[in-house]
Each structure stands twice: as structure tokens, then as C-alpha cells.
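Sharing a structure, written as C-alpha cells. Questions coming.
Scope of the values below: all heavy atoms of this structure, side chains included, with no hydrogens, waters or symmetry mates.
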Amino acid sequence: MKILITAFDPFGGEKINPALEVIKGLDDNIESCQLIKLEIPTVFGKAEEVIERKIKEVRPDVILSLGQAGGRSDISVERVAINIDDAKISDNEGNMPIDEKIREDGDTAYFATIPIKAIVEEIREEKLPASISNTAGTFLCNHVMYQDLYLAKKYGNIRAGFIHIPYLPDQVLDKKDTASMNLDDMLRAIRAAIRAIIKYEDKQDLKISGGACH
């Protein structure tokens with residue numbers, strides 16, 4: 001199995017991006033799986049171009065994208081991406097699309113095709129906090145998750161999904177009462193997520209509650 005794992009460069013005034021630090025810290029192989037690591041620009045219209053070129057080059061079985069979710073306290077496995085860009089801040093080239101479709105020919109939304117509930121359970125077995133998230137926002141994380149799933153459908157037989165991770169401790173020194181997680185725990189969590197993807201390659205996801213009341 002080949003997993004293309006992507007992470008953004010730093011954005012929003014941050015000097016580091018925990019997602020990028022995580023993929024740097026992963027081994028090139030986990031169990032029977034080869035990881036192809038890819039840094040992507042935090043730029044609308046360019047991130048997906050970089051991903052599509054790499055898809056054509058390596059033909060992955062899975063695309064797993066990681067992103068920073070400053071303020072969240074756990075590992076958030078995203079359920080759905082919606083076909084809208086509505087940026088609250090500018091990207092790294094000053095773009096700030098408002099109420100724009102990501103793909104004119106795309107569906108209104110795409111659901112993750114990785115085993116999101118099995119991933120959450122595998123991470124929790126590591127004694128780390130994890131949950132299903134029902135919104136990836138409307139900035140570049142949602143944008144890339146949507147593009148991953150669109151491209152996975154375009155190229156066929158590729159599963160795809162997105163995981164949000166918290167700030168690193170160094171990032172919250174000037175952010176009072178803001179959650180963070182250390183890099184070693186993030187690495188353990190993402191390794192667990194990859195193990196779940198491998199285990200459920202030919203299986204249905206767990207049929208357990210992962211919903212939310214609000």
C-alpha cells in the first residue's frame with residue numbers, strides 16, 4: 001500500500017505548522033505501507049496542483065492530508081468536505097476567496113473514504129484524545145480535503161481523508177488558554193491513524209457512534 005501524506009507550510013503568521021512537523025517525523029514505511037510525504041503550499045489554486053502532480057507520479061492507494069486546527073484540543077478526523085471556499089484570512093499569497101465553489105463540476109460535498117471511526121478508536125487506544133469532526137471549516141483545510149476526494153474519484157480506486165491536529169506547545173506561549181499537544185503525541189496519533197487505514201483496507205468502517213449534538 002502507498003499513502004500520499006500531505007501537510008501545509010506555515011501560515012497565518014505562524015513560524016511552524018505542526019502538520020508539516022509531523023510528516024517530517026514519520027518513517028518512510030509503517031508496517032506494510034510506504035509513505036510518500038508531500039509539503040503543499042497554503043495557497044488556493046496551487047495546493048491541489050501540487051497534489052495532482054504527485055498523484056500522477058506515484059499513483060497512491062490513499063491520500064491522507066493533515067492540517068493545523070489552532071484551538072482544538074484533540075486529533076480531529078474529518079467526516080466531510082463541502083464545495084465552498086469562504087476564507088476568514090488570506091492565504092500565503094494574499095488570496096481570500098468569498099463564497100466561491102471549489103469545483104464547478106464537483107458534488108456539493110464529499111465524505112471521507114478512509115475509516116474515520118476506526119482511526120479515532122485506534123488513536124484512543126494510544127491513550128490520546130481523538131474525535132470525529134463534522135466540519136473542516138471553509139479555509140484551505142476544507143479546500144484540500146475536497147480536492148483530495150475529487151481527485152481520488154477522478155483517478156479511481158483511491159481513498160482519501162483529512163485529519164486536523166492542534167497547535168504545538170511553542171505556538172501557544174502567547175495564546176492564553178489555548179490547547180496544544182506535543183509532537184511525540186501527534187506522531188503517535190498519526191501512526192495509529194495509518195495503522196487503522198492499513199487494517200481496514202478491505203473492511204467496512206466500524207459501526208459505532210461518532211456523532212455530535214451540535
Sidechain N-carboxylate O distance under 4.0 Å for E49, K46 = no

Identify which one of N17, D9, D91, N95 satisfies the side chain to side chain donor-acceptor pair (under 3.5 Å) criterion when paired with T42.
-> D9

Is it true that a side-chain atom of K54 and a backbone atom of V50 form a donor plus acceptor pair closer than 3.5 Å?
-> no

Whether T113 side chain and R159 backbone form a donor-acceptor pair below 3.5 Å | no

Ignoring hydrogens and geometry, is there a side-chain-to-backbone donor-acceptor pair from K2 to V58 under 3.5 Å?
-> yes

Do K153 and Y150 meet the cation-pi criteria used here (NZ or CZ under 6.0 Å from the six-membered ring centre, within 45° of the axis)?
-> no

Any sub-3.5 Å donor-acceptor pair from R188's side-chain atoms to E126's backbone N or O?
-> yes

Hey, could you give me the CG/CD distance between D61 and E201, rounded to the nearest 0.5 Å?
-> 6.5 Å

Step-by-step side-chain contact (heavy atoms from CB on, under 4.5 Å) determination, M145 to Y110 | CA-CA 9 Å; M145 181 181 177; Y110 292 118; over 6 Å; no

Check the pair R72 / E78 against salt bridge (Lys or Arg N to Asp or Glu O under 4.0 Å), numbers first and verdict last.
-> CA-CA 13 Å; R72 293 193 189 181; E78 298 296 340; 2.8 Å; yes

Indicate whether any N or O donor in one side chain lies under 3.5 Å from an N or O acceptor in the other, for T135 and R79.
-> no

Measuring from L38:CG to L64:CG, what's the distance to the nearest 0.5 Å?
-> 12.0 Å

Would you give the length of the straight line joining atom CZ of F11 to atom CD1 of I89, rounded to the nearest 0.5 angstrom?
-> 5.5 Å

Do side-chain atoms of K117 reach the backbone of I208 as a donor and acceptor pair under 3.5 angstrom?
-> yes

Any chance the side chains of H164 and Q68 put a donor and an acceptor closer than 3.5 Å?
-> no

With ring centroids as reference points, do F139 and F44 lie under 6.0 angstrom apart?
-> yes

Where the side chain of N134 meets the backbone of G211, is there a donor-acceptor pair that is under 3.5 Å apart?
-> no

About how many Å separate CD1 of I165 and CD1 of I163, when rounded to the nearest 0.5 Å?
-> 9.0 Å

Answer yes or no: is there an ion pair linking E122 with K199, defined by an N-O contact shorter than 4.0 Å?
-> yes

side-chain contact (heavy atoms from CB on, under 4.5 Å) assessment of I158 paired with I63 = CA-CA 7 Å; I158 301 174; I63 308 165; 3.8 Å; yes

Hey, what do you get for NE2 (H143) to CG (D148), rounding to the nearest 0.5 Å?
-> 10.0 Å

Can any side-chain N or O of N92 pair as donor or acceptor with the backbone N or O of P10 at less than 3.5 Å?
-> yes

